[in-house]
Amino acid sequence: MLAEQVLSLNLSTRRICKNCDNGAIISQKMRLLYLVRNEVLSPRELVGELSIAKPNLTILARTMIADGLIEKMRVERDMRSVHYKITQKGLDELERMIAELEASIVKQLNLNEKESQKGEKKLEAAINFLNGVE
């Protein structure tokens with residue numbers, strides 16, 4: 001049963017936030033911002049993490065650069081290589097999106113503060129398990 005719930009959760013996260021990013025699912029934009037929030041990543045790394053085709057990443061990145069959410073940078077050891085990093089505007093947007101998602105989840109599940117904290121700890125344990133962290 002637990003494995004089925006994890007699979008269901010994985011599928012549901014693609015549909016969970018009806019109010020995020022103009023009424024869409026948890027968007028690729030939100031996922032990309034989340035991935036580059038703490039580190040600079042290459043297109044190859046992002047394609048793998050986001051499970052999207054490189055042309056789709058190129059379109060998404062171009063739009064996000066134009067919006068000032070991420071920036072493109074060259075790697076010193078190979079100036080042909082491009083990596084992406086988040087801007088302050090991108091961090092602010094990610095925080096806003098996460099807050100919207102949090103509010104949506106709490107509202108949908110009708111959780112009080114204590115229940116929300118308890119659920120957060122259990123989800124953290126599940127995520128650590130799925131990532132192979134003891």
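Rounding to the nearest 0.5 angstrom, the gap separating the CE atom in Met64 from the CG atom in Leu57 is 9.5 Å. One distance of note links CG of Leu46 with CD1 of Ile70; it measures 8.0 Å at 0.5 Å rounding. In this structure, CG in Asp67 is found 6.5 Å from NZ in Lys29, a value given to the nearest 0.5 Å. Rounding to the nearest 0.5 Å gives a distance of 9.0 Å between NZ of Lys121 and CD of Glu124.
Tyr34 carries Arg37 over the face of its six-membered ring, with the cationic atom under 6.0 Å from the centre and within 45° of the normal.
In this model, no donor atom of one side chain and acceptor atom of the other lie less than 3.5 Å apart for Ser116 and Glu113.
At least one donor-acceptor pair under 3.5 Å links the side chain of Thr87 to the backbone N or O of Gly68. A donor-acceptor pair under 3.5 Å links the side-chain atoms of Glu115 to the main chain of Asn112, judged by distance alone.
Residues Val82 and Leu41 share a single hydrophobic cluster, defined by chaining ILVMFWY side chains whose heavy atoms lie under 4.5 Å apart. Residues Ile65 and Leu91 are members of one and the same hydrophobic cluster, defined by side-chain heavy-atom contacts under 4.5 angstrom among Ile, Leu, Val, Met, Phe, Trp and Tyr.
Contact check for Ile86 versus Leu69: no side-chain heavy atoms found under the 4.5 Å cut-off. Side-chain atoms of Lys54 and Pro43, non-hydrogen and from C-beta on, do get closer than 4.5 Å to each other. The shortest distance between side-chain heavy atoms of Asn56 and Gln28 does not fall below 4.5 Å.
Nearest heavy-atom pair, Val47 versus Ile52, reported as atom, atom and distance to 0.1 Å: CG1-O, 3.0 Å.
Each of Met73, Glu71, Glu45, Lys72 was evaluated against Tyr84; a single residue qualifies, Lys72, per the side chain to side chain contact (heavy atoms under 4.5 Å, CB included) test.
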Working note: His83 + Val36, criterion side chain to side chain contact (heavy atoms under 4.5 Å, CB included); need CA distance, chi angles, decisive distance, verdict. CA-CA 10 Å; His83 284 60; Val36 297; over 6 Å; no
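Between Arg96 and Glu93 there is a salt bridge, since a side-chain N of the basic residue sits under 4.0 Å from a carboxylate O of the acidic one.
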